[in-house]
There are 2 protein chains.
Amino acid sequence: MREKNAQKKAIKLSDVALRANVSVVTVSRALRQPELVSQNTRDKIADAVKTLGYVPNPAAQALASARSRLIGVVIPSLTNQIFADLLRGVMDGLEGTTYIPQFVNTRYKLTREEDLLRVFATQRPAGMIVAGIDQSAAARQLLQEMGCPVVQVMETTPDPVDMVIGCDQQDAGRAAVRHLIDQGYRRIGFLGARMDPRAQRRLAGYNDIMSAHGLSDDALVITTPHPSAYSVGGQLMADLLASAPDADAVFCNNDDVALGALFECQRRGLRVPEQMGIVGSNDLDVVSCSVPTISSVRTHRYETGLTAVNMIMNHLNGTPLEQRIIDAGYDVMVRSSTSRQKKGG
Amino acid sequence: MREKNAQKKAIKLSDVALRANVSVVTVSRALRQPELVSQNTRDKIADAVKTLGYVPNPAAQALASARSRLIGVVIPSLTNQIFADLLRGVMDGLEGTTYIPQFVNTRYKLTREEDLLRVFATQRPAGMIVAGIDQSAAARQLLQEMGCPVVQVMETTPDPVDMVIGCDQQDAGRAAVRHLIDQGYRRIGFLGARMDPRAQRRLAGYNDIMSAHGLSDDALVITTPHPSAYSVGGQLMADLLASAPDADAVFCNNDDVALGALFECQRRGLRVPEQMGIVGSNDLDVVSCSVPTISSVRTHRYETGLTAVNMIMNHLNGTPLEQRIIDAGYDVMVRSSTSRQKKGG
DNA sequence: CTGTTAGCGCGTTCAT
DNA sequence: ATGAACGCGCTAACAG
């Protein structure tokens, strides 16, 4: 029988007050608004805090102030690496503050998102970061009633709940397809997994450019509700070649799909970029070192996470950014998988 | 000027009590120990709860009971996909319960881990899940004093803080190298990124087998403190070929390194598996569809997350598993990258 | 089975 | 610049 884990007794504000020989409120003030406390008592309190090892009880703080130090982060999934990148940005952005992120995933279900928001509402979060702009009406309302700064991320919209930072996914789709056309590809397919709202908008961008060039053909659009994954990319490419054997390029809604598609080409002996051009989305680490390297539309997930946190922090500090809508942009990273044109001039 | 986000007034226990015409405690009991409340009042309360839309205030619960519904999850990083897999398991395992996971990352720093644990300690978590078994003495003590079930994950040890689930990393390393030797490889290199404790133990396993066969050679061991990444794999392979040009196989401490190494071989025209055998670690999705497919030592991260949660839940339900130490095992997934032997018999 | 009485540790008035 | 008093919403003893 091992010892039952003995909880260490927690030091509280009154303990500190006793040790420093001042009242509880004074300690509380010294901690939150030091400028209102004399230098002398401030030092005594700092001393007591240190020797006793006092750490505030967040539950008591939250209860008394009706406000927690939680930053709620709502993403659809953790399988897709882009959201892991976003989270890293959020975590790093919160570094050094006393705020704590709390992540949940919606599994791409709007009703689940509402439920999760309801849970968050009871926590009185200090701020909320939610992926996407396609919340249900109920979810939007819940976010508004949350009584804290809210940042939608990964996309842009003229009508955010509160603030928004991300990129224009449809425009990114257009840029990708334009690049392929510039390189001389014409029978350009679209490979899409999961087909969440962001994927839908990338597809819309694809359609914009294809129809503008009179290149539209339903046989070229291959999608699946399956989550994005390397293995799915291979299957989608196979389906495309069955549907449109003369396809000469693909735009993929994620880089794992793009890499999977490349592997499928290699299995079939299709030369990339000569016989098949490939453009991915998001510019994951892997596509810049594959053989051949894969062109991709880079998005700035990590930076988006960082900035979203900053937007919230500024708001909480009473200095909200004038800019409620931030376009994080995108970059078309041109690599070997689309370099069919002769180089340079 | 847009309306200031108006906080919705929260419904509390006393509101429900009023509506149901019973005392506050009765409501509280009806919610937590329904069997102690008569069917009649239970129904009245359920009604009131539903019509008022009552949701408990976790801060108040935590304060009054000195216990939160948080499950603390401490991982070193979110960059490595294996931890994202673990998190998915934890999230899914918590699905349907009223417990909420809270993730933090140590960035592979022991002192940071201690700090984070101190923060968790103030939250009175319901349970803790921590990656690895190499906590500092201070961290171990903090975990013990947490007063809640603790599960260490990703490795095994005869001496866990409380409970542990994971695999024997050193043994996994041995199995990988044994497989390469069985396939006829002899000049087997080790490619290791980051070199955290798990990587160290995989290396130890590699050393065990290599020296047992009299194949040891320092020139074959290439490591870097850099975080594991696809691009790092290429560099490590290049370094190995500079250090030991006659190397004929590699064991990599992660699959991104393995894939990066494969790409490097392709760039150099080295045929895999004929001229270079490759075994990765963890069996990420991507290595089963690359060309060629890559052999890897599969670990069960998702299942580990699920089980860790179950271990904690059982503990909280008063029915702790008799088994405090669980070996989640590993599997050597044999694929094309090491299939040098003639097939079948 | 149900209610009464006390806090949990902190923030927020209002005084001084 | 400092302190006393009260309450946040809930749980935990005890009574009845």
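Worth knowing before you read on, the calculation uses all heavy atoms, side chains too, and leaves out hydrogens, waters and symmetry mates. Order of the sequence lines sets the chain letters (A, B, ...), proteins ahead of strands, with each chain counted from 1.
For the atom pair CE of A/Met154 and CZ of A/Arg301, the computed distance is 7.0 Å after rounding to the nearest 0.5 Å.
Here the nucleotide nearest the side chain of A/Ser23, chosen from D/dA4, C/dC1, D/dG9, is D/dA4. Picking from C/dC1, D/dG9, D/dC10 the nucleotide with the shortest atom distance to the side chain of B/Gln61 gives D/dC10. Closest to the B/Val25 side chain, of the nucleotides D/dA12, C/dC10, C/dT2, is D/dA12. Here the side chain of A/Leu63 is nearest to one of C/dT12, D/dC8, D/dC10, namely D/dC8. In this structure, the nucleotide among D/dC10, D/dA12, D/dA5 sitting nearest to the side chain of B/Pro56 is D/dC10. Across C/dG11, C/dC10, D/dG9, the shortest atom-to-atom separation from the side chain of A/Lys12 is found for C/dC10. In this structure, of D/dG7, C/dT12, D/dT2, it is C/dT12 that holds the atom nearest to the side chain of A/Arg32.
Taking 4.0 Å as the cut-off between side-chain N and carboxylate O, B/Asp196 and B/Arg198 count as a salt-bridged pair. Contact check on B/Asp115 versus B/Arg118 returns a salt bridge, with a Lys/Arg side-chain nitrogen under 4.0 Å from an Asp/Glu carboxylate oxygen.
Side-chain atoms of B/Arg29 come within donor-acceptor range of the base of C/dG3, with a qualifying N/O pair under 3.5 Å.
Proximity of A/Ser38 to the phosphate of D/dA1: no side-chain N or O atom is located under 4.0 Å from OP1 or OP2.
Near DNA chain D, defined here as any heavy-atom distance below 4.0 Å, there are no residues from residues 42-52 of chain B.
Counting only Watson-Crick and G-U wobble pairs whose two key distances fall under 3.5 Å, DNA chain D forms stems of three or more stacked pairs at C:1-4 with D:13-16, C:6-16 with D:1-11.
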